[in-house]
2 protein chains.
Amino acid sequence: MAKDNTVQSYAESAKTYDLAKYAKPSVTADIIIFTIKRSELKVLLIKRKAWPFKNLWAIPGGFVGINEPLDEAAERELMEETGLKDVYLEQLYTFGEPKRDPRTRVITVAYYALISSDNMRLKATTDASDVRWFSIDEIPKLAFDHNQILDYALQRIRNKIEYTDIAFQLLPEKFTLTELQGVYEVILGKKLDKRNFRKKVKEIGIIMPLHETKMEGAHRPAQLFSFKGSSRNRKKDENILKPAKKI
Amino acid sequence: MAKDNTVQSYAESAKTYDLAKYAKPSVTADIIIFTIKRSELKVLLIKRKAWPFKNLWAIPGGFVGINEPLDEAAERELMEETGLKDVYLEQLYTFGEPKRDPRTRVITVAYYALISSDNMRLKATTDASDVRWFSIDEIPKLAFDHNQILDYALQRIRNKIEYTDIAFQLLPEKFTLTELQGVYEVILGKKLDKRNFRKKVKEIGIIMPLHETKMEGAHRPAQLFSFKGSSRNRKKDENILKPAKKI
DNA sequence: TCAAAAGTGTTGTGTGTACACCCATGT
DNA sequence: ACATGGGTGTACACACAACACTTTTGA
């Protein structure tokens with residue numbers, strides 16, 4: 001059982017009570033904030049003002065406080081960037097390549113958030129020109145390993161939209177079936193059949209017709225629906241994989 | 001944009017170049033090691049010898065070296081505990097509640113490993129009596145938040161066995177269809193239909209019949225198969241969700 | 001009256017599920 | 001000859017995919 005001599009095993013350290021003996025990495029929480037706007041999936045990026053990667057765009061993030069839970073760090077960051085809270089937030093993956101930040105060792109716990117298009121104008125776009133929504137097919141080269149993190153987030157939501165109800169997190173309280181279908185189409189990147197789609201979501205019973213319609217444009221008004229599922233804000237431990245009804 | 005005054009945002013810190021100003025947490029990699037033995041799903045646990053949680057069982061883990069990638073820390077830990085390398089290893093989730101370790105702030109990046117029953121006797125059981133395989137339905141109260149971590153790992157493999165080929169990681173190179181079915185049954189916790197199971201795995205084309213049979217007991221010998229899929233050891237970035245053929 | 005999106009059913013195809021008997025071996 | 005697990009096929013139910021026309025509105 002050969003030990004690396006710069007690193008002590010957990011069991012051993014327990015003997016000595018000595019946890020503070022070794023150099024510690026910095027830990028940040030980065031958050032990929034998704035929304036849908038003009039039928040496109042968008043991500044919020046911020047422009048770096050200083051070395052390293054000066055003038056490159058990056059995923060927002062910040063240090064995790066020494067007494068702060070990881071989720072709260074991500075929530076705080078989300079609040080700082082968008083002014084929003086109680087949105088869908090899920091831990092994505094932890095990235096820790098030693099050289100990912102040229103300054104020092106930084107391990108980042110990546111989260112992603114899905115926010116509804118109606119709340120969206122609150123902040124972010126107001127804040128100078130160094131914070132912007134990017135359509136996911138116009139993502140530039142990003143700072144650090146952020147392209148990789150973003151790709152991973154995209155994979156995750158593309159997978160997860162097929163067997164959970166995350167799609168509703170991207171819509172306002174009231175929405176039409178065409179809007180709902182649009183969310184699926186833009187995330188999956190393919191057209192769906194209108195009749196089959198409507199049949200399925202209706203028989204799953206996850207939406208509720210309202211006594212309202214939405215009129216816009218010169219055509220028949222659309223029935224409005226609302227989401228029946230558990231409300232927008234999830235409890236901490238619900239990040240735990242929960243396979244919902246497949247759509 | 002209200003800032004917490006003990007914590008600085010990433011964008012701001014970039015201005016000042018100052019990353020080392022704040023207290024840093026310790027970071028560990030914990031690893032849940034699964035195997036199958038006597039038709040039971042088992043987990044490797046170690047007994048703690050000191051405060052905190054003295055004499056409780058715990059998931060093996062250790063500090064992440066300051067220049068060590070997270071995956072390597074997990075691999076190293078796995079090697080220390082079992083003597084094995086090149087096994088299936090996947091990042092699970094990162095746990096960081098401030099009070100999860102009473103000594104100081106410790107964030108743990110949890111991994112899980114699946115190891116094949118044939119390599120299994122190499123280590124671990126040789127090492128005193130404070131390392132043991134526990135059947136997953138006889139898990140005692142564990143140290144730290146390790147029960148939660150283990151539950152999460154179980155959920156993950158139960159989910160993932162349905163749409164990936166991780167099951168093969170728990171079998172030796174050569175196996176019978178009954179053994180393969182056993183892996184599914186013990187992980188899903190339910191009986192499967194023999195004919196349907198065999199039909200499906202065969203039509204997926206992920207296994208290859210060998211010119212060998214396995215005789216044991218007083219009955220007809222069983223055809224041996226081997227796994228066609230990508231080899232046992234995965235490259236780093238392949239942890240990235242890869243939806244394989246559903247079984 | 002025209003353009004534009006909303007709304008609505010049926011049929012074929014494929015996939016999952018339920019189910020029972022013969023085979024090869026060791027004792 | 002018998003006990004033990006290995007091995008095989010068919011029929012039914014259900015889910016998914018393909019597909020076109022009518023309705024309601026504003027201009």
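Numbers restart at 1 for each chain; the letters A, B, ... are given by sequence-line order, proteins then strands. Just so you know, these numbers come straight off a predicted model, no measurement behind them.
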Round to the nearest Å and state the distance from [X] atom [atom1] to [N] atom [atom2].
X: B:Phe197; N: D:dG6; atom1: CZ; atom2: C1'; result: 14 Å
X: B:Gln181; N: D:dG5; atom1: CD; atom2: C1'; result: 12 Å
X: A:Glu203; N: D:dC14; atom1: CD; atom2: P; result: 12 Å
X: A:Lys214; N: D:dT25; atom1: NZ; atom2: P; result: 17 Å
X: B:Lys200; N: C:dA18; atom1: NZ; atom2: C1'; result: 14 Å
X: B:Leu180; N: D:dG7; atom1: CG; atom2: P; result: 12 Å
X: A:Tyr163; N: D:dA15; atom1: OH; atom2: P; result: 21 Å

Set of residues satisfying salt bridge (charged side-chain N to carboxylate O under 4.0 Å, His left out) with respect to [X], sequence neighbours excluded:
X: B:Lys174; value: B:Glu212
X: A:Lys190; value: none
X: B:Lys191; value: B:Glu185

Below 3.5 Å, can you tabulate the donor-acceptor pairs from side chains in residues 218-227 of chain A to any protein atom, sequence neighbours excluded?
{"residue": "A:His219", "atom": "NE2", "partner": "A:Glu216", "partner atom": "O", "Å": "2.6"}

Are B:Glu72 and B:Arg76 close enough, and set up right, to give a salt bridge (charged side-chain N to carboxylate O under 4.0 Å, His left out), and what steps lead you there?
CA-CA 6 Å; B:Glu72 275 182 29; B:Arg76 178 172 51 76; over 6 Å; no

Nucleotides 5-12 of chain C: which of its N/O atoms have a protein N/O under 3.5 Å away?
{"residue": "C:dA6", "atom": "OP1", "partner": "A:Thr178", "partner atom": "OG1", "Å": "2.8"}
{"residue": "C:dA6", "atom": "OP2", "partner": "A:Thr178", "partner atom": "OG1", "Å": "3.1"}
{"residue": "C:dA6", "atom": "O3'", "partner": "A:Pro221", "partner atom": "O", "Å": "3.4"}
{"residue": "C:dA6", "atom": "N7", "partner": "A:Lys194", "partner atom": "NZ", "Å": "3.4"}
{"residue": "C:dG7", "atom": "OP1", "partner": "A:Gln223", "partner atom": "N", "Å": "2.6"}
{"residue": "C:dG7", "atom": "OP2", "partner": "A:Arg198", "partner atom": "NH2", "Å": "2.6"}
{"residue": "C:dG7", "atom": "O5'", "partner": "A:Arg198", "partner atom": "NH2", "Å": "3.3"}
{"residue": "C:dG7", "atom": "N7", "partner": "A:Lys194", "partner atom": "NZ", "Å": "2.6"}
{"residue": "C:dG7", "atom": "O6", "partner": "A:Lys194", "partner atom": "NZ", "Å": "3.4"}
{"residue": "C:dT10", "atom": "O4", "partner": "A:Lys199", "partner atom": "NZ", "Å": "3.4"}

Qualifying residues under side chain to side chain donor-acceptor pair (under 3.5 Å), relative to B:Asn147, sequence neighbours excluded
none

